[in-house]
Visitor: 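This is the structure, below, for whatever I ask next.
The chains referred to below are lettered A, B, ... by the order of the sequence lines, with proteins before strands, and numbering in each begins at 1.
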There are 2 protein chains.
Amino acid sequence: MVTDSKESEEKILKAAFSVFLRKGKAGARMQEIADEAGVNKSLLHYYFRSKDKIYLAVLKHTVENFILTIVQDLELTSDLKEIIKKLISKQINTIKENSQIFQFFMGEVWMNPDEVKNVFRETLKILDKSALLVIMERIEDAVRRKEIRKVSPFQLIVNIFSLDIFFAILSPILFEMTDFTEAERAAIVENRAEEVFNFVWESIRLRKEE
Amino acid sequence: MVTDSKESEEKILKAAFSVFLRKGKAGARMQEIADEAGVNKSLLHYYFRSKDKIYLAVLKHTVENFILTIVQDLELTSDLKEIIKKLISKQINTIKENSQIFQFFMGEVWMNPDEVKNVFRETLKILDKSALLVIMERIEDAVRRKEIRKVSPFQLIVNIFSLDIFFAILSPILFEMTDFTEAERAAIVENRAEEVFNFVWESIRLRKEE
DNA sequence: GTCTATAATTCGATAGAC
DNA sequence: GTCTATCGAATTATAGAC
């Protein structure tokens, strides 16, 4: 069956994305990708030469997704409290909608650290980092204005992202350690953004009487 | 070469631990385990029947390690501030010394969620959870005594663990986004426990003037 | 561009000698 | 308990027809 060339290539990429995310680099099978794409296995090599090359394309996509989630493009007109609240809720929503990507990424960081680091570096060159820099500058500014206590902007961002992503990946396992009912668990997941914001804001806001 | 039976089995387990942690379930090779253990490949099947069985033994070990790191056995005589400070520094030290285990665990949660969940459940039955329960009870108590603001003990523990483990796994990657020198990076890693404690304690401590 | 057929290799597992 | 030899299945990759 002859179809548009772009069409097959895109179908393969989409299927590869799905399979690699579920099975990881070592567990992914070319045949499974071909089946899911609805094309012949040979076409995978025709378009991408090797499994490694397909994996690299998928990895690049997840790294972009990862970085853009940390960065997030925000309106910076409002005050810092609102900026942080939006950053957290946007991050948590993005992670919730793409949880497989982040779980895959965490796994690959450990399995292929050098490969991930290289892709990460290259992706950073291309992507627009200004959004992150602007937020970090805004945090430094808030420290100077005594709106919040003295914190390292980098560490604050890392802390926020830790609270967002770790819970998203491990909450199913961690709940095993508790007696929460299904309804309670759902409520905790639902309110995670608010919980994180409170936790963070209570930590950094400056009180008048101190 | 005939050696003590226990000796070979232990060498295999140790090698399997090393290989599975580096390569994951799908990427690990029986031959590589045999080589690293210095025994014949057939012995792996003689002692463990199949690759799956060896993997399961390794997974159990990592799950125990994971749970015991969250729990940590602490002196509970001092005040809550000291308890939390010790919990954080102990967690961070444990994670630093066994970072491969936690990275492996994060990866396996995504690749084999059901298998991990099962092992997790079984391990919880065996392990002594009292240490965690005592800490959570101590947190609730502190809330009642107005030593700290109202927090969910579960979420506080999860938040602390998130801040500890996420940074340990991803800091090499995240540093790629910054201009820190090697010395600065080392200092940040070195001071992570203090940073996390400050972040947490500032968030939950109650001020007099409020 | 797409398909069939198959080469080339790798891998988990087992049989059987010692 | 340990080793050699090998099976059989799975998997990546390619050659070549259409």
Side-chain angles (χ1 to χ4, degrees), chain A residues 1-61 104 107-108 111-112 114-115 119, chain B residues 1-62 104 107-108 111-112 114-116 119:
Chain A
M1 178 175 50
V2 179
T3 53
D4 183 20
S5 88
K6 275 292 161 198
E7 201 178 303
S8 283
E9 191 172 350
E10 278 168 20
K11 280 196 292 187
I12 291 171
L13 251 186
K14 193 177 166 187
F17 198 68
S18 159
V19 173
F20 272 109
L21 253 54
R22 275 186 285 109
K23 304 292 179 69
K25 182 179 183 178
R29 297 287 166 253
M30 297 292 269
Q31 187 62 60
E32 191 175 352
I33 296 173
D35 291 346
E36 199 165 317
V39 303
N40 190 282
K41 189 165 60 112
S42 301
L43 280 194
L44 272 59
H45 291 93
Y46 175 78
Y47 283 110
F48 293 92
R49 220 172 72 90
S50 71
K51 182 181 172 182
D52 265 342
K53 293 270 196 288
I54 305 185
Y55 167 76
L56 212 61
V58 170
L59 182 61
K60 273 180 188 166
H61 197 298
F104 169 81
E108 295 304 301
M111 297 268 266
N112 314 297
D114 294 332
E115 210 164 358
V119 172
Chain B
M1 179 175 50
V2 178
T3 53
D4 182 22
S5 87
K6 274 292 161 196
E7 202 178 303
S8 282
E9 190 172 351
E10 278 168 19
K11 280 196 291 186
I12 291 171
L13 251 187
K14 194 178 167 188
F17 200 66
S18 160
V19 173
F20 272 110
L21 252 55
R22 276 186 284 110
K23 304 291 178 69
K25 182 179 184 178
R29 295 289 166 252
M30 298 293 270
Q31 187 62 61
E32 192 176 352
I33 296 174
D35 291 346
E36 199 164 317
V39 304
N40 190 282
K41 187 164 65 110
S42 301
L43 279 195
L44 271 59
H45 291 94
Y46 175 78
Y47 283 111
F48 293 92
R49 223 171 69 92
S50 70
K51 183 181 172 182
D52 266 342
K53 294 268 196 288
I54 304 183
Y55 167 76
L56 212 61
V58 171
L59 182 61
K60 274 181 187 163
H61 198 298
T62 66
F104 169 80
E108 294 306 300
M111 297 268 266
N112 314 296
D114 294 332
E115 211 164 357
V116 172
V119 172

Visitor: Rounded to whole angstroms, how far apart are CG on A:Leu43 and C1' on C:dC3?
Guide: 8 Å
Visitor: Between C:dC3, D:dC3, D:dT12, which one does the side chain of A:Asn40 approach most closely?
Guide: C:dC3
Visitor: Could you check which of D:dA15, C:dG12, C:dG1 has an atom nearest any side-chain atom of A:Tyr46?
Guide: C:dG1
Visitor: Decide side chain to side chain contact (heavy atoms under 4.5 Å, CB included) for A:Phe48 and A:Leu13; before the verdict, give the C-alpha distance in whole Å, the side-chain angles of both, and the deciding distance to 0.1 Å.
Guide: CA-CA 10 Å; A:Phe48 293 92; A:Leu13 251 186; 3.7 Å; yes
Visitor: Would a 4.5 Å heavy-atom cut-off, applied to side chains only, mark B:Ile33 and B:Phe20 as touching?
Guide: yes
Visitor: Can you pull out every salt bridge (Lys or Arg N to Asp or Glu O under 4.0 Å) where at least one residue sits in residues 42-53 of chain A? Sequence neighbours excluded, please.
Guide: A:Lys25-A:Asp52
Visitor: Taking OH from A:Tyr55 and P from D:dA13, how many angstroms apart are they, rounded to a whole number?
Guide: 15 Å
Visitor: Specify the separation, in whole Å, of atom CD1 of B:Ile12 and atom C1' of D:dC3.
Guide: 13 Å
Visitor: Let me know the distance between CD of B:Glu7 and C1' of D:dT2, rounded to the nearest Å.
Guide: 13 Å
Visitor: What's the closest nucleotide to the B:Lys51 side chain, out of D:dT14, D:dT12, C:dG12?
Guide: C:dG12
Visitor: Quick check: do B:Val119 and B:Thr62 have side-chain heavy atoms less than 4.5 Å from each other?
Guide: no
Visitor: What is the separation between atom NZ on A:Lys53 and atom P on D:dT12, rounded to the nearest whole Å?
Guide: 16 Å
Visitor: If I take atom NE2 in residue B:His45 and atom P in nucleotide C:dG16, what distance separates them, rounded to the nearest angstrom?
Guide: 17 Å
Visitor: Not counting sequence neighbours, which residues clear ring-ring contact (aromatic ring centres under 6.0 Å, His included) with A:Phe17? List them please.
Guide: A:His61
Visitor: With sequence neighbours left out, what residues match B:Lys60 under side-chain hydrogen bond (donor to acceptor under 3.5 Å, both in side chains)?
Guide: none
Visitor: Nearest to the A:Tyr47 side chain among D:dA15, C:dA13, C:dG1, which nucleotide is it?
Guide: C:dG1
Visitor: Side chain of A:Ser50: nearest nucleotide among D:dA13, D:dT14, C:dG12?
Guide: D:dA13
Visitor: Closest approach to the side chain of B:Ser8, judged atom by atom: which nucleotide of C:dT4, C:dT2, D:dT2 is it?
Guide: D:dT2
Visitor: For the pair made of CG in B:Leu44 and P in C:dC11, what is the distance, rounded to whole Å?
Guide: 14 Å
Visitor: Please report the shortest heavy-atom distance between B:Val116 and B:Glu108, naming the atom on each side.
Guide: CG2-O, 3.5 Å
Visitor: Is the shortest heavy-atom distance from the side chain of B:Gln31 to the side chain of B:Asp35 under 4.5 Å?
Guide: yes
Visitor: In residues 16-37 of chain B, which residues come under 4.0 Å of DNA chain C by heavy atom?
Guide: B:Ala28, B:Arg29, B:Met30
Visitor: My understanding is that only residues two or more places apart in sequence, or in another chain, count here; which of them pass side-chain hydrogen bond (donor to acceptor under 3.5 Å, both in side chains) with B:Ser42?
Guide: B:Asn40
Visitor: Using nucleotides 6-8 of chain D, report all nitrogen or oxygen pairs with the protein that are shorter than 3.5 Å.
Guide:
none

